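Notes follow once the structure below has been shown.
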Amino acid sequence: MANPVPARTDAFAAVDLGASSGRVMVGRVGPGTLALAEAHRFPNRPVRLPEGLRWDVLGLYTGVLDGLRAAGATAGERIASVGIDSWAVDYGLLDADGALLGHPVHYRDGRTEGVAEKVWASVPAAELYTATGLQYAPFNTLYQLVAAQGSAQLAAARRLLLIPDLISYWLTGELGTEVTNASTTQLIDPRTGDWASSVAERLGVDLGLFPPLRRPGDPAGQLLPEVLEETGLTDPVPVTAVGSHDTASAVAAVPAAPGERFAYICTGTWSLAGLELDAPVLSEASRTANFTNELGLDDTVRYLRNIMGLWLLQECLRAWGDPELGALLREAGDAAPLRSVVDAADAVFLAPGRMPERIVEACRTTGQPVPRTRAETTRCILDSLALAHRRAIADAARLADHPVDVVHIVGGGTRNALLCQLTADACGLPVVAGPAEAAALGNVLVQARTHGLVGDDRAAMRELLARTQPLTRYEPRGDHTAWRAAERRLAER
């Protein structure tokens with residue numbers, strides 16, 4: 001029987017760090033209440049140093065402190081807890097004194113080129129998938145650590161902290177490794193939720209660098225006195241471990257109905273499209289389809305495929321001098337549909353720069369008409385993303401033997417009505433879009449559940465989301481002939 005929910009409302013701070021910006025949100029949670037307000041938003045700009053592409057993690061931490069100060073003012077009351085989530089795979093190294101050794105390497109840095117082949121020579125790709133369930137991506141933490149072997153920084157390191165764990169350490173002085181983010185390292189066994197020690201040993205990766213594992217809801221310390229002084233918050237302020245991989249928090253905030261057979265797409269810089277399962281899918285067919293098994297809330301598995309996402313459009317907008325997006329999307333909506341499509345999961349689009357030219361090159365290489373205008377390029381991107389969503393959801397349903405009746409889109413892409421409608425059209429399924437700030441809401445709800453303000457299970461969290469957050473439903477239009485033809489074009493390239 002679920003524990004009764006007390007008749008009070010508390011304020012929680014969610015630190016949500018994305019690949020292009022960070023934000024601190026304040027969530028108020030109580031019986032029938034879930035309200036989110038932005039306290040502070042700040043840019044996350046990587047820095048190109050002589051040694052490569054690096055994260056400005058000190059700038060991020062400054063933004064977090066500023067955000068916590070603003071959160072206290074926004075809440076107008078005591079902050080009951082702080083939770084931290086971020087993008088995956090990247091990390092900072094600490095020396096024996098606990099000091100950071102250099103700027104964390106950006107996952108788009110080129111240091112892992114050719115490293116996968118070195119790894120597979122010791123642990124074949126099929127065996128690696130069986131052990132860790134993780135899709136191949138050149139920037140997985142495992143490949144980063146193998147690439148770093150022999151470096152002075154790694155030799156001097158005594159601890160390794162994934163990005164949200166690093167921020168938590170600076171706030172509290174407490175060390176830990178949150179498991180949903182750890183599952184993206186390619187060093188976790190998704191069946192046990194513990195380290196894949198045999199893989200690490202064969203590849204010379206020292207798992208002793210990682211602090212003990214934490215799970216969402218575990219205590220992660222309290223804000224240090226100097227942090228309280230800097231932010232003006234009132235002692236004590238606990239930090240609660242949440243789904244610290246932002247996708248884990250976002251999936252926790254999918255407002256699915258009880259018993260609903262749903263797929264999800266977490267949209268933003270990346271599109272993460274897949275299913276919430278009770279157990280991993282570790283078949284050879286799953287590996288060759290490049291699906292990943294990452295851990296989620298309550299020992300669930302996030303079975304999904306990574307797709308390049310709105311990064312394609314973001315890079316084009318940057319190249320074009322950031323034109324007004326609304327007008328561009330209206331023009332794209334009037335452009336010819338499915339005239340040209342590209343593989344939105346292709347690694348050729350991973351690096352920054354020259355995105356419009358690379359899209360033209362991809363269309364030309366596959367014998368398709370090249371986009372002539374910004375509107376046509378935008379339509380190409382959105383059609384391609386919708387097509388990639390269609391393929392990922394159909395493949396996931398088939399490989400997991402898990403039928404899908406509705407698709408939930410959460411994250412920043414919910415604000416792109418054209419993308420949501422095209423996804424419904426491509427999948428031939430209704431799409432429910434919202435909430436936009438899913439990662440922050442999932443972060444807040446795990447904190448609130450830990451503090452007894454939400455029922456014990458995910459269903460209670462999702463029911464509260466469905467009652468309190470604005471959602472938009474898109475019904476599929478037309479037939480699938482054109483989408484099937486576009487799919488064949490890509491398959492025949």
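The structure presented is a predicted model; accordingly, all values stated were derived computationally and were not measured. All values below were derived from every heavy atom in this structure, side-chain atoms included, with hydrogens, water molecules and symmetry-related copies excluded.
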Parallel, tilted or perpendicular: which fits the ring planes of Tyr107 and Trp270, with parallel below 30° and perpendicular above 60°?
-> tilted

Give the minimum heavy-atom separation between Pro211 and Leu161, together with the two atoms involved.
-> CG-CD2, 3.4 Å

Exactly one of Thr468, Leu464, Asp10, Leu36 clears side chain to side chain contact (heavy atoms under 4.5 Å, CB included) with Val29, and that residue is Leu464

Would you please test His402 and Tyr303 for ring-ring contact (aromatic ring centres under 6.0 Å, His included) and show each step?
-> CA-CA 11 Å; His402 184 98; Tyr303 184 62; 9.6 Å; no

Is the CZ atom of Arg41 crowded by more than 12 outside heavy atoms at less than 6.0 Å?
-> yes

Is Arg261 salt-bridged to Glu276, cutoff N-O under 4.0 Å?
-> no

Electrostatic pair Glu475-Arg477, nearest N-O below 4.0 angstrom | no

Glu201 atom CD, neighbour heavy-atom count above 12 within 6.0 Å | no

Closest approach of Gly413 to Leu310 (non-hydrogen atoms, all atoms of both residues) = CA-CD1, 3.9 Å

Scanning both residues in full, the closest heavy-atom pair of Ser249 with Ala439 reads CB-O, 3.3 Å

If you measure from the Lys or Arg side-chain nitrogens to the Asp or Glu carboxylate oxygens, is any gap between Asp346 and Arg358 under 4.0 Å?
-> no

Ring center gap for Phe139 and Trp87 short of 6.0 angstrom = no

Counting N and O atoms only, with roles assigned by atom type, does the side chain of His106 sit under 3.5 Å from a partner on the main chain of Arg108, one being a donor and the other an acceptor?
-> yes

Is the CG atom of Asp401 crowded by more than 12 outside heavy atoms at less than 6.0 Å?
-> no

Kindly check if the number of other-residue, nucleotide or ligand heavy atoms within 6.0 Å of CG (Asp194) is above 12?
-> yes

To the nearest 0.5 Å, tell me how far Leu203 CG sits from Gln149 CD.
-> 7.5 Å

